[in-house]
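Below, all heavy atoms of this structure are taken into account, side chains as well, without hydrogens, waters or symmetry copies. Note on naming: letters A, B, ... go to the chains in the order of the sequence lines (proteins, then strands), and numbering restarts at 1 for each one.
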Protein chains: 2
Amino acid sequence: MTTPVPLREPTFLILTALAPEPMHGYGIITEVAALSDGRLTLRPGTLYGALDRLTDEGLVEPDREEIVGGRLRRYYRLTDTGGTVLAAETERLRRNVEAASRRLRARAGSAAPGSAATARGSALRPALRPTLRPAGGPA
Amino acid sequence: MTTPVPLREPTFLILTALAPEPMHGYGIITEVAALSDGRLTLRPGTLYGALDRLTDEGLVEPDREEIVGGRLRRYYRLTDTGGTVLAAETERLRRNVEAASRRLRARAGSAAPGSAATARGSALRPALRPTLRPAGGPA
DNA sequence: CGTTATAGCTTGGTCACCGATATACTCGCC
DNA sequence: GGCGAGTATATCGGTGACCAAGCTATAACG
């Protein structure tokens, strides 16, 4: 187990959606869409796969079932462990964001003069690579 | 191509490391370790794979080569495109962090009473799943 | 009666990342 | 003078989270 700490974005947003109160799968999908301003659309394959995985890892657990308008709703709830992991992960992301912001600001000062063109470079790369290329033992 | 926007963490930190000024591969590894307070150690396989990929995507380009103490140093530079992508990605992360913080705060109020125990739940899951299971065509 | 929306779930493929391994040169140690 | 550690490059095989696409079922709208 050992909870693979660097959560990917969809997983992170699933936990985030569940943080305040239990939700059912379809609700999570719409909630994540709202949270990300519609920039990220959760796919069912991602959601239910993640839900099973997170349940195994103990970050999430089934809450209850309801029948609303003849349709089944299966609710999931964030566990205490899940809350702790989400908080830690949020802190890590916050540090990353700060580091990136700082360094992007520093960049503005030394900005590439020639605008660096459209970043081709493919012309010089082949000439660079062959420098090293020793045994190249196949197999 | 189309630049798969949700960057993973190692990729994000590579771009972050390169933001202020060009660096060579090994320098990026040590810099990323410093940026993350030693929590994330970039593996060579990840680094050079990512560098090639990012070069193809135009986010990064070779800068120059130096020989220091008989050892080759291959420097890479963040392109303008790369800077734009990193800035956008940073903004996205910032929003995610804010959303998660907000919702975690909301959670504190409705915190699970029984501490939700160590979040096992594996005992009740099997009882929940079989509810639906219609065609179940086993290939 | 077909389409859309809500709600659940499965299967198959891909690709970034990890872990291990390889080359090569320099320096300090014994 | 060989040996390991540190610097620096690169490749290869495996894994797993994610995506794309599809399936079943009910209720409401046309």
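Going from atom CZ of Phe12(A) over to atom P of dA17(D) covers 17 Å, rounded to whole Å. Rounded to whole angstrom, the span from the CG atom of Leu47(B) across to the P atom of dT21(C) amounts to 20 Å. Atom-to-atom, CG of Leu42(B) to P of dG19(C) comes out at 12 Å; the value is rounded to the nearest Å. The distance from atom CG of Asp52(B) to atom P of dA10(D) is 7 Å, rounded to the nearest whole Å. For Glu9(A) and dA17(D), the CD to P distance is 16 Å, given to the nearest whole Å. The interatomic distance linking Met23(B) (CE) with dT9(D) (P) rounds to 11 Å, in whole Å. The distance from atom CG of Leu51(B) to atom P of dA10(D) is 8 Å, rounded to the nearest whole Å. Atom-to-atom, CG of Leu7(A) to C1' of dC17(C) comes out at 15 Å; the value is rounded to the nearest Å.
Taking all atoms of both residues into account, the shortest heavy-atom contact from Gly38(B) to Thr41(B) is O-OG1, 4.5 Å. Val60(B) and Tyr76(B) make their closest contact through CG1-CD2, 3.7 Å (heavy atoms, listed as atom of the first residue, atom of the second, distance).
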List, with names and distances, any nitrogen or oxygen atoms from the protein found under 3.5 Å away from nitrogen or oxygen atoms belonging to nucleotides 3-7 of chain C.
from, atom 1, to, atom 2, distance (Å)
dT6(C), OP2, Tyr26(A), OH, 3.0
dT6(C), O2, Arg71(A), NE, 3.2
dA7(C), OP1, Arg73(A), NE, 2.8
dA7(C), OP1, Arg73(A), NH2, 2.5
dA7(C), O3', Leu72(A), O, 3.1

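With sequence neighbours left out, the side-chain hydrogen bond (donor to acceptor under 3.5 Å, both in side chains) criterion links Glu91(A) to Arg94(A).
The side chain of Arg43(B) sits closest to dG19(C) out of dC17(C), dC18(D), dG19(C). Of the candidate nucleotides dC9(C), dT11(D), dC17(C), dC9(C) has the atom lying nearest to any side-chain atom of Pro44(A).
If you check every strand for non-hydrogen atoms under 4.0 Å, Pro10(A) touches sugar and phosphate atoms only.
Summary of the strand contacts: Gly69(A) and Thr41(A) both lie near DNA chain D, and taking for each the nucleotide with the nearest heavy atom, the more 5' one is attributed to Thr41(A).
Here Leu42(A) contributes atom CG and Thr30(A) contributes atom OG1; the two are 10.0 Å apart, rounded to the nearest 0.5 Å. Note that the CG atom of Leu93(B) and the CD atom of Glu98(A) stand 12.5 Å from one another [nearest 0.5 Å].
Of the side-chain N and O atoms in Thr11(B), none sit less than 4.0 angstrom from OP1 or OP2 of dA16(C). Checking the phosphate oxygens (OP1, OP2) of dA16(C), no side-chain nitrogen or oxygen of Thr46(B) falls inside 4.0 Å.
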Verify salt bridge (Lys or Arg N to Asp or Glu O under 4.0 Å) between Asp37(A) and Arg92(B), making sure each step is shown before the conclusion. CA-CA 10 Å; Asp37(A) 270 328; Arg92(B) 254 252 320 287; over 6 Å; no

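Checked for salt-bridge contact, Asp63(A) and Arg73(A) miss the test: no charged N lies under 4.0 Å from a carboxylate O.
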